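A short write-up of the structure that comes next.
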Amino acid sequence: MRGRRLSLFWAACAVAGALLVAFVVLPAASMIAGAGAGFLGEALRQGDIRRSLWLTVSAALIATAIAFVVGVPLAYLLARRDFVGKRAIEGIIDLPIVFPHTAAGIALLMVWGRDGIMGRLLAPFGISFTETVAGIVLAMLFVSLPFLVDTSRETFALVDERYEHVARTLGSSPGGAFLRVTFPQAWRGVLAGAVLMWGRGISEFGAVVILAYNPKVISVLTFELFEGFGLRAAQPPAVLIVIVAFVVFLVVRTVLLPRRGRSRKGSA
Amino acid sequence: MRGRRLSLFWAACAVAGALLVAFVVLPAASMIAGAGAGFLGEALRQGDIRRSLWLTVSAALIATAIAFVVGVPLAYLLARRDFVGKRAIEGIIDLPIVFPHTAAGIALLMVWGRDGIMGRLLAPFGISFTETVAGIVLAMLFVSLPFLVDTSRETFALVDERYEHVARTLGSSPGGAFLRVTFPQAWRGVLAGAVLMWGRGISEFGAVVILAYNPKVISVLTFELFEGFGLRAAQPPAVLIVIVAFVVFLVVRTVLLPRRGRSRKGSA
Amino acid sequence: MIGLRGVEVAAGAFSVGPLDLDVPAGEYAVLLGPSGAGKTLVLEALAGVRRVRAGRLFVDGADVTRLPAERRRVGLVFQDGLLFPHLSVAANVAYGFHRGNGERTGWLRRPSAERLAQLAEEVGITHLLKRRPQTLSGGERQRVALARALAARPRALLLDEPLSAVDVEAREELQEVLRSVCRREGLTVLHVTHDRAEAFALADTCALLVDGTLRQTGRPQDVLRWPADEAVARFLGARNVVRAVRDESDARLAHLATGVALRVADPLPAAAVDLVVRPEDVEVWPVGAAPPGAANRLRATVVRLVLQGGHVLVGAESPAPMEALVTARRAEDLGLRVGAAVELTVAPACVHSIPTT
Amino acid sequence: MIGLRGVEVAAGAFSVGPLDLDVPAGEYAVLLGPSGAGKTLVLEALAGVRRVRAGRLFVDGADVTRLPAERRRVGLVFQDGLLFPHLSVAANVAYGFHRGNGERTGWLRRPSAERLAQLAEEVGITHLLKRRPQTLSGGERQRVALARALAARPRALLLDEPLSAVDVEAREELQEVLRSVCRREGLTVLHVTHDRAEAFALADTCALLVDGTLRQTGRPQDVLRWPADEAVARFLGARNVVRAVRDESDARLAHLATGVALRVADPLPAAAVDLVVRPEDVEVWPVGAAPPGAANRLRATVVRLVLQGGHVLVGAESPAPMEALVTARRAEDLGLRVGAAVELTVAPACVHSIPTT
C-alpha cells in the first residue's frame with residue numbers, strides 16, 4: 001500500500017508535467033510545421049519581410065553592442081564590489097523585466113520623444129526617436145538589457161574572486177587580472193547573455209510599436225498582417241522570427257551554457 | 001602610477017554603470033512622476049480603465065492558479081528526479097521566454113483558434129479562445145508559466161534532498177516528505193514565482209492582442225488610446241499598470257526573495 | 001542486525017561493491033575507509049533512498065531490499081545534522097514519533113510528552129527543546145539529530161560521519177553520548193567515517209573499505225595488530241612494511257633484502273612475507289643502551305625528525321629504512337638529531353607478517 | 001621579513017586583532033589556530049587584497065600597508081591551489097614571470113625557458129608542464145601553485161592551509177617539498193593552518209591564534225612543553241591541567257586539592273598554579289611495578305579506555321582524574337581494562353606549571 005503511494009505521488013507529478021509540456025509543445029510544433037509547410041520559403045521571398053528581418057536583426061545587434069560596452073563593466077562591478085545602494089542598482093537594472101512593454105514604450109516616449117528631456121536635447125542634432133531606427137534600438141535596448149547584465153554578473157560571481165587575488169600578487173593590476181584571469185573564465189556566460197539579449201531584442205513588440213510603428217520590425221509586421229489580412233497572412237513572418245528565436249535558444253542552452261539550470265544531485 | 005590605475009579601472013566601471021542606471025531610471029521616474037501628476041487618479045476615475053484593470057488582474061490570477069496546480073509538481077519532479085529527456089523538458093518549459101509574443105499569439109491561434117486542433121475539440125462545449133476572457137487567460141498562461149516553473153524548480157533544488165531522505169527514514173512517504181519538509185522550506189520561492197508570473201501576465205501585450213483584442217486588457221487599452229489619441233491619452237492606463245508592476249517587483253525582491261542575486265563574498 | 005549480501009551501489013560512473021557485511025544485533029560497527037570510497041552510498045542504499053544495482057539488504061532479519069525507505073525503520077544521521085530548519089528542536093525530535101509500529105501512519109499515535117522528555121534527557125538536549133536549529137552549535141545539532149532518529153524507534157541506526165562537522169573540543173563528549181546511548185538502547189549501528197581515531201574509539205567491529213572493496217573486518221585492536229594486507233596496514237598507519245623471506249631452518253626468523261634478520265613471535269606463514277611494524281612499537285636507544293635481552297637490535301642513523309603533536313616521528317636508516325614514534329620528551333632526553341647514531345629494538349611480538357601475494 | 005604591528009582586519013561583523021608578529025627573514029613561521037579564528041583574513045591583508053582596519057604591515061623592511069597587491073611582491077598559495085583553469089600548467093607558472101623587479105610590467109621581461117625548467121625541477125612538476133590544471137591531483141596542484149608563486153620572486157610567501165585539500169598519503173611528500181624549497185630559496189614564510197601536526201612538522205616558529213588574539217609564539221617544541229596558558233595547553237592536547245598550590249617550604253612541591261602532591265623540576269613561579277602534564281608523559285604500570293626511584297607515583301583506577309590509532313588513551317582516577325597515552329601494545333601487555341588498579345608515574349621534568357590568573 002505504501003509502495004503504491006510512492007508511485008502515485010510521482011505519477012501525479014509526471015501527469016501534471018506532461019500536460020504542461022504538451023501545452024507548450026503544441027503551438028511551438030505548429031510553428032515548426034509551418035516552416036515545413038513552406039511558410040518559411042514564402043516569407044523569404046517577400047521583399048518587405050526580408051527588409052523587415054534585416055532591420056530587426058541589425059537594430060537588435062546595435063542595442064546589444066551598446067549594452068555590452070556599458071553593461072559588462074557594470075556587471076563586473078556588481079559582482080565584485082560592495083557599496084551602499086548596490087541592491088538598489090541591481091533592482092533598477094532588473095526593472096525593464098517587469099515593465100509592461102506598452103507602458104515602457106509610453107515611458108520612453110515621455111523621455112526621448114519630441115517633448116521629452118532627452119528628445120529636446122538631441123533634436124538640434126537631427127536625432128529623433130519616433131518612427132526611426134534609433135527609436136527601435138532604444139526600445140530594444142531598454143527592454144532587453146537586463147539579460148546581458150544579469151547573466152554577465154552571475155557568471156562573474158561564479159569565478160572565484162581569489163583567482164584575481166592570486167593574479168594581483170603575481171603582478172597584475174585590477175584591470176589586468178580581469179582581462180587575463182576573470183574574463184577568459186567567464187566569456188561563455190557573457191556571450192550567452194549577449195545572445196539572449198539579442199534574441200529578446202528581435203522579438204520585442206509592445207515598446208517598439210509605440211516608439212516606431214515604422215520602419216516595421218518583424219513583430220510589428222506580423223501584427224499588421226494579422227490585423228489586415230488574418231491568420232494565414234501573418235504566419236510567414238511569425239514562422240521566420242520563431243525559427244530565429246529557437247536557434248538562439250538552442251545555441252545558448254546547448255553550446256554556451258550547457259550546464260545551466262541543473263539541479264544539484266548525488267554524492268559519493 | 002599603479003595606484004592610479006586601480007582607481008581608473010573601477011572608475012570606468014562606475015561611469016558605465018551610472019549611464020546605464022540613468023537610462024533605466026529616467027523613463028521609470030517619468031512614470032512615477034506621472035502618478036504624482038494626477039494621472040493615477042484620472043485613470044481610476046475612468047470606467048473603461050477600471051473595468052480593464054479588473055479584467056487584467058483576474059485573468060492573470062486565473063492563469064497563475066492553473067500554472068500553480070500543474071507547474072509546481074512538474075518543478076518538483078525536475079528538481080528531484082533524473083530521467084531521459086529531462087533536459088529537453090526543461091528547454092521546452094523555457095521556450096515561451098524566447099517565443100516572440102506576436103508569434104506566440106499566432107501560434108496559439110493555430111492550435112486553439114476556430115480551425116486549430118484544440119479549438120475544434122472545445123467548440124462543441126461553447127468554449128472559444130478568440131475575443132474572449134478564456135483567450136486572454138490562455139495567452140497569459142503561455143507567456144508567463146516559465147516564471148513560476150523555473151523559480152519553483154530552483155527553489156526546490158536549493159532544499160537539500162537529504163532532508164527528504166531523513167524524513168523518509170522517519171516514516172514519511174515521498175508526498176509526505178514534500179508537504180512536511182520540502183514545501184515549508186521552499187514556499188517563499190514558489191510564491192515569488194507565482195507573483196512574478198502574475199506580474200508578467202498583467203503586462204502581456206503581443207500574444208493577448210492577437211488572441212483577444214477585445215475584451216481589452218490594460219496593455220491593449222494603452223495601445224489603443226495611444227494610436228487613437230496620442231501620448232497624453234495613453235498615460236493614465238500606462239501609469240496604472242507600471243505602479244502595479246513595481247509593487248509586485250518590490251514585494252518579490254524585498255520580502256519574498258531578499259537574498260536573490262547576491263554575489264558571493266568574503267570568508268573567515 | 002544489519003546485513004549486506006553482494007551489494008553493489010552506483011552513483012553516476014562511480015560504483016562500490018559487491019560488499020558482504022554482517023553487523024550482529026546490538027553491535028556498533030564502523031565502516032572505515034578513505035574519503036570518496038563510496039561509504040555514503042552504502043548507507044543511502046541501506047536507508048532506502050538510493051537503489052542498489054545488485055545484492056540484498058537485511059535489517060533485523062528481514063529482507064528490506066524492495067521496501068520503501070519509510071517502512072525500513074532505520075535511523076539516519078548525517079554529518080551536518082540536517083535538522084529541519086522550519087521546525088523547533090522539539091518538533092524535529094517529535095517528527096518521527098507518529099510512525100509507531102511502522103505500519104500505521106499520520107497523527108494517530110501522538111507522542112506522549114514523557115517520551116520526548118526522556119529522549120531529550122538521554123542525549124542531553126532538554127535545555128534546547130524550544131530553540132531553533134539555526135542557533136545550535138555543531139555538537140548540539142548532532143545530539144538533536146540523534147534524538148530525532150531514536151524517536152522513530154529504529155531497528156538499526158546509520159551514522160554518516162556524524163562527528164566530522166563537530167569541533168575537536170565537543171567531539172569527545174559526543175562520542176561518549178553516541179556510545180552510551182547506543183549501548184543502553186541496544187541499537188545495531190553502522191557508522192561510516194574516514195577518521196581512524198573516530199573509528200577505533202567507537203567500534204565494536206571495524207570494517208575496512210579500500211578501493212571499493214571490503215578488505216578486513218574485526219575488532220579494532222585486532223585489525224590494528226594483524227592487518228590483512230599492505231594497503232590496510234598502511235592506511236592504519238603501520239609505516240614500516242618491508243619484504244622478507246623465511247629462514248630455511250627457523251620459521252621464526254625473517255631475512256630482509258638488506259641482510260638484516262628479524263625475529264618474530266609466531267612462525268612465518270609463507271616463504272615470502274611482508275613484515276609490518278608499527279612505528280610506536282619501535283624503541284629508540286642510545287647506542288649500546290638497549291636492554292641486553294632485546295631480540296631485534298638494529299644499529300641505525302637518524303635521517304629525519306618530524307614533530308607530531310606530543311610525539312616525534314624518527315626516520316632512521318638501519319640500513320633498511322625504519323620509522324619510530326617516540327614521545328617528544330623522550331626524543332629530547334635522547335638528544336636526537338639528524339645524523340645521530342642510535343639503536344632500535346623491536347619486540348618479536350610486534351612484528352606482524354603477511355604472506356606476499 | 002614579515003611584520004605585523006597592531007593589525008586589525010575585519011570581514012563583516014567578524015574581526016581579528018590587534019596582532020603583532022615578526023617573522024625574521026628566511027624563517028618558516030606557522031600561524032596556528034582553530035578554524036574560524038581569522039587566520040585567512042591576516043594573510044589576505046598581508047597580500048593586499050583585503051584592507052586592514054588598523055595597524056601597519058611590513059614586508060622585507062618596507063611598510064606595505066598602502067601598497068596595492070601587485071607591488072607588494074608576496075606570493076600567495078591557497079588551500080585549493082586555484083590554478084588558472086584556462087591556462088596550461090606551464091602558463092600558470094609563467095604568469096608571474098613578467099613582473100621582474102616589481103616596477104616594470106607587461107611582457108617586457110619574458111621568462112627564459114631555463115628559469116621555468118629550473119623551477120619545475122625544483123618542485124617536481126617537470127612532467128606536468130603540458131597538462132591542464134583540471135587533470136592534476138590535489139598534491140600536484142599545490143606544487144604548481146607553489147611554483148607559480150615562486151616564479152614572481154616574492155619577498156615573502158603566504159600559505160593558506162596549503163595541505164588541507166591534499167590526501168593524507170601525498171601530504172607528507174608535499175610537506176617535504178615545502179620545507180626544502182623554502183629553505184633552499186631562503187624564503188620568509190607565513191603559513192596558516194588549524195592542523196597541529198602540520199604546524200609542528202613544518203614550523204621554525206609557531207604562533208598560536210586563539211579567540212582572535214596571539215597567545216604564544218616560539219619554537220614548536222617549546223610551545224608544546226611550556227604552553228603560556230591553559231587555553232593553549234588544551235589546544236595543543238595537554239589533557240591534564242589541574243590547579244595546585246605551592247608547598248610553603250618546598251618550592252618544587254605542588255599540592256593538589258585532592259591531597260595528592262606532585263614534585264616538579266623547576267621551582268613553582270607562584271603560590272597558585274595550573275599544573276600541565278601531557279598524557280604521553282604519564283607512564284602506566286601494574287601496581288607495585290613502577291621503578292623504585294620514580295618521584296611521582298600515583299595509585300589509580302582505570303575508568304575509560306579509548307583506542308586512538310596505535311595508542312590507547314587511558315582515563316584514570318587517582319583520585320584526581322589523570323589521562324595517560326600508551327601504545328596499544330603496552331596496553332595489551334598490561335592487560336588494561338576498566339576498573340583495573342594501576343600505578344601512574346610522572347617525571348618531575350614533565351610537569352609544567354603556569355601561574356594561575
Side-chain angles (χ1 to χ4, degrees), chain A residues 2 5-6 9 12-14 16-17 19-21 24-28 30-31 70-71 73-74 76-77 79 89-93 95-96 98-103 106-111 157 173-175 199 203 205-206 210 219 222-223 226 231 234-235 238 241-242 245 249 253 261 263-264, chain B residues 2 5-6 9 12-14 16-17 19-21 24-28 30-31 70-71 73-74 76-77 79 89-93 95-96 98-103 106-111 157 173-175 199 203 205-206 210 219 222-223 226 231 234-235 238 241-242 245 249 253 261 263-264:
Chain A
R2 289 281 192 106
R5 252 172 60 190
L6 183 147
F9 175 75
C13 290
L19 280 174
L20 213 51
V21 167
V24 177
V25 159
L26 233 52
S30 304
M31 275 291 174
V70 285
L74 174 63
Y76 185 61
L77 189 73
I89 287 180
E90 286 175 355
I92 287 169
I93 291 299
L95 269 188
V98 294
F99 221 112
H101 294 166
T102 34
I106 301 290
L108 286 170
L109 217 47
M110 286 165 74
V111 174
S173 64
S203 57
F205 173 53
I210 300 256
S219 56
T222 306
F223 174 67
F226 176 73
L231 184 58
Q235 267 171 274
I241 194 76
V242 164
F249 186 58
R253 280 191 81 94
S263 63
R264 304 184 310 166
Chain B
R2 288 280 192 107
R5 250 173 59 192
L6 183 148
F9 175 75
C13 290
L19 281 175
L20 214 50
V21 167
V24 177
V25 159
L26 233 53
S30 305
M31 275 291 174
V70 286
L74 175 64
Y76 185 59
L77 188 74
I89 288 181
E90 286 176 355
I92 287 168
I93 291 297
L95 269 188
V98 293
F99 220 112
H101 294 164
T102 36
I106 300 291
L108 285 170
L109 216 47
M110 286 165 74
V111 173
S173 64
S203 57
F205 172 51
I210 300 256
S219 56
T222 306
F223 175 67
F226 176 72
L231 184 58
Q235 267 171 272
I241 194 76
V242 164
F249 185 59
R253 282 190 79 95
S263 63
R264 303 183 312 166

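Chain letters run A, B, ... following the sequence lines, proteins first, then strands; residues in each count from 1. Fair warning: this is a prediction, and the values are worked out from it, not measured in the lab.
Aromatic ring orientation, B:F223 versus A:F205: tilted (interplanar angle from 30° to 60°).
The most heavy-atom pairs under 4.5 Å with chain B, out of A:I93, A:L77, A:V25, come from A:L77. Ranked by heavy-atom pairs shorter than 4.5 Å toward chain A, the options B:A103, B:A14, B:P96 are led by B:A103. For the set A:A28, A:A12, A:G71, A:A234, the count of heavy-atom pairs under 4.5 angstrom toward chain B peaks at A:A28. Contact count against chain B (heavy-atom pairs under 4.5 Å) is highest for A:V98 among A:L19, A:V98, A:V21, A:I89. The candidate from B:A238, B:G199, B:G206 with the greatest count of non-hydrogen atom pairs under 4.5 Å with chain A is B:A238.
At a threshold of 4.5 Å between non-hydrogen side-chain atoms, the residues B:F226 and A:L109 count as touching.
Rounding to the nearest 0.5 Å places CD of A:Q235 at 4.0 Å from CE of B:M110.
A:F9 and B:P174 get closest at one heavy-atom pair: CD2-CB, 4.0 Å.
Among residues two or more places apart in sequence or in another chain, the side chain to side chain contact (heavy atoms under 4.5 Å, CB included) test is passed with B:V111 by A:L26, A:P27, A:S30, B:M118.
Both the backbone and the side chain of A:I241 come within contact range of chain B, each with at least one heavy atom under 4.5 Å from a heavy atom of that chain.
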